[in-house]
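Just so you know, ligand 1 is whichever comes first in the structure, and atom 1 is the first atom listed for that ligand.
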Amino acid sequence: MRLVFIGFGTVGQGLAELLLAGREKLAGRYGFDWTVTGIADTAKGSAYDPEGIDLARALALAAKGEPLAALDRGGKGWDGFAMARHAEADVLLEATYTDIKTGEPATSHIRAALERGVHVVTTNKGPLALHYRELAALATAHDALFLFEGTVMSGTPVLNLVRDTLAGAEVLEMQGILNGTTNYILTRMEEGLSYEDALAKAQELGYAEAVPDADVLGWDALAKVTILANVVFGAALKPSDSACEGITKITSADIARAKAEGKRYKLIGRVWREGGKVRAAVAPRLVDLAQPLAGVMGATNAVAITTDALGEVTVVGPGAGRAQTGFAMLTDLLTIVRRRS
Ligand code: HSE
């Protein structure tokens, strides 16, 4: 399977490390053999080689901050869009930064690949929150797969779980902690760290978005509830249709007061049906310490899925991080391997 990376930052490199570490197991257990034919990154430059790029060397160059062009054979100097359009590839791995307002440049990369029948795996929330229907229809029209497990709760199964394992059940409501950075910040503030130090640590650990405003103002969780509303509930919501509040107004004193009262602040995302419509919202809520969501700490996420057939099914697991989000892309790649065979 020929792979092309667009975006070779935290997530792309996380996937590359998993592909290299698991090479023999992936081939032996799942029949998944891969070659990387292209990598394009706005900061690191690009490399294209239809015979295959040495991925370990690409990781080493990225770690040293050296340009990827050293691995290029063909002298094309393709940017992400040209790579998506022209590279010999079976799967485009889109892991550029999320822009929830425009969905670009990721949406253009995804369109260019799908239009020529190249499968797409992405962790990018912008294109999904803004253009899910159009992109899904484009994929169907060109007989390509469009998979995006990592957009919600990183590698913790949610979208694939609902699509595959919970097929046959009606999802009535989803509610939970969908942003790792803010849950990490609230956890560390309760331990005594300042807001600024906790945010800096979340950035260092690779949880935060490129512009962390997207996390702390709730936009990242808003993108995720919009994705759930549109993908799971079949709605056609835009992020701007839903109320959204982040954690920036919560002070250390608020957190201490809540704790003294047996409560904890959590940033809660919710999707539900009301009067024949699908609604979504993001807001900080005081959760009683006796409730399960109160015990979800650090960058861990959780979502309670209310269904007709099973009642409530709750998934708890990593919500952000390099290997964790890279893993989501790996699970989507293995879905493509299974469908192709
Ligand atoms: N910034 C996001 C978070 C990354 O903290 O949850 C995962 O989508």
Side-chain angles (χ1 to χ4, degrees), residues 7 9-15 18 93-101 103 106 121-130 132 147-160 174-189 195 198-229 231 239 244-248 250 265-271 280 282-284 293 296-303 315-332:
T10 305
V11 174
Q13 291 176 46
L15 172 64
L18 292 174
L93 302 159
E94 218 293 342
T96 58
Y97 61 91
T98 284
D99 183 328
I100 186 189
K101 292 205 176 98
V121 170
T122 188
T123 53
N124 201 307
K125 289 153 275 194
L128 269 298
L130 295 163
Y132 164 66
L147 299 169
F148 39 84
E149 176 62 53
T151 56
V152 182
M153 284 174 71
S154 69
T156 304
V158 181
L159 296 167
N160 293 340
M174 293 177 89
Q175 168 164 256
I177 297 166
L178 298 171
N179 179 266
T181 301
T182 47
N183 207 49
Y184 178 84
I185 291 173
L186 293 172
T187 299
R188 298 303 306 268
M189 281 173 77
Y195 170 85
L199 173 58
K201 194 79 190 150
Q203 288 178 292
E204 191 186 311
L205 290 167
Y207 303 148
E209 294 301 301
V211 182
D213 282 3
D215 295 293
V216 297
L217 297 174
W219 303 338
D220 174 76
L222 175 65
K224 289 166 179 165
V225 293
T226 308
I227 294 169
L228 292 175
V231 176
C244 176
E245 187 187 332
I247 63 159
T248 47
I250 302 172
Y265 280 100
K266 292 290 177 193
L267 186 67
I268 302 292
R270 185 174 166 229
V271 187
V282 172
L293 283 185
V296 176
M297 304 298 275
T300 303
N301 282 189
V303 69
V315 189
V316 182
R322 181 183 179 102
Q324 294 82 351
T325 313
F327 176 78
M329 298 190 104
L330 179 58
T331 60
D332 284 343

query: Taking E149 for the side chain and V158 for the main chain, is one N or O donor matched with an acceptor at less than 3.5 Å?
result: yes
field: Donor-acceptor side-chain pairing of N183 and T300 below 3.5 angstrom
entry: no
statement: Taking only non-hydrogen atoms of K125 and a 4.0 Å limit, the atoms of ligand 1 in range are 2 (C), 4 (C), 7 (C), 8 (O)
query: Can an N or O of A320 be found at a distance shorter than 3.5 Å from an N or O of ligand 1?
result: no
- prompt: Short N/O distance, under 3.5 Å, between N301 and ligand 1?
  reply: no
field: T325 side-chain N/O to A320 backbone N/O, donor-acceptor pair under 3.5 Å
entry: no
- request: State whether the side chain of N124 and the backbone N or O of T96 hold a donor-acceptor pair below 3.5 Å, judged by distance alone.
  value: yes
message: Under a 4.0 angstrom heavy-atom cut-off, which atoms of ligand 1 come close to G319?
response: 6 (O), 7 (C)
- request: Report the part of D220 in contact with ligand 1, treating N, CA, C, O as backbone and CB onward as side chain, heavy atoms under 4.0 Å; options are side chain, backbone, both, neither.
  value: side chain
- prompt: In terms of atom number and element, which parts of ligand 1 are under 4.0 angstrom from non-hydrogen atoms of N179?
  reply: 2 (C), 3 (C), 5 (O), 6 (O)
message: Please give me the minimum heavy-atom distance between G150 and A328, naming the atom from each residue.
response: CA-CB, 3.3 Å
query: Counting only N and O atoms by type, is there a donor-acceptor contact under 3.5 Å from the side chain of S154 to the main-chain atoms of P318?
result: yes
- line: Counting from 1 in the order shown, the ligand 1 atoms closer than 4.0 Å to a non-hydrogen atom of E209 are 1 (N), 2 (C), 4 (C)
statement: Nearest heavy-atom contact between L267 and L186 is N-CD1, 4.2 Å
query: Does K125 count as lying over the ring of W219, i.e. NZ or CZ under 6.0 Å from the six-ring centre, within 45 degrees of the axis?
result: no
message: Distance under 4.0 Å to a non-hydrogen atom of G180: what atoms of ligand 1 satisfy this?
response: 3 (C), 5 (O), 6 (O)
- line: In ligand 1, the atoms that come under 4.0 Å of a heavy atom of K224 are 2 (C), 3 (C), 6 (O), 7 (C), 8 (O)
- request: Please write down residue, atom name and distance for the protein heavy atom closest to atom 5 (O) of ligand 1.
  value: T181 OG1, 2.6 Å
query: So which bit of D215 gets within less than 4.0 Å of ligand 1, heavy atoms only: side chain, backbone, both or neither?
result: side chain
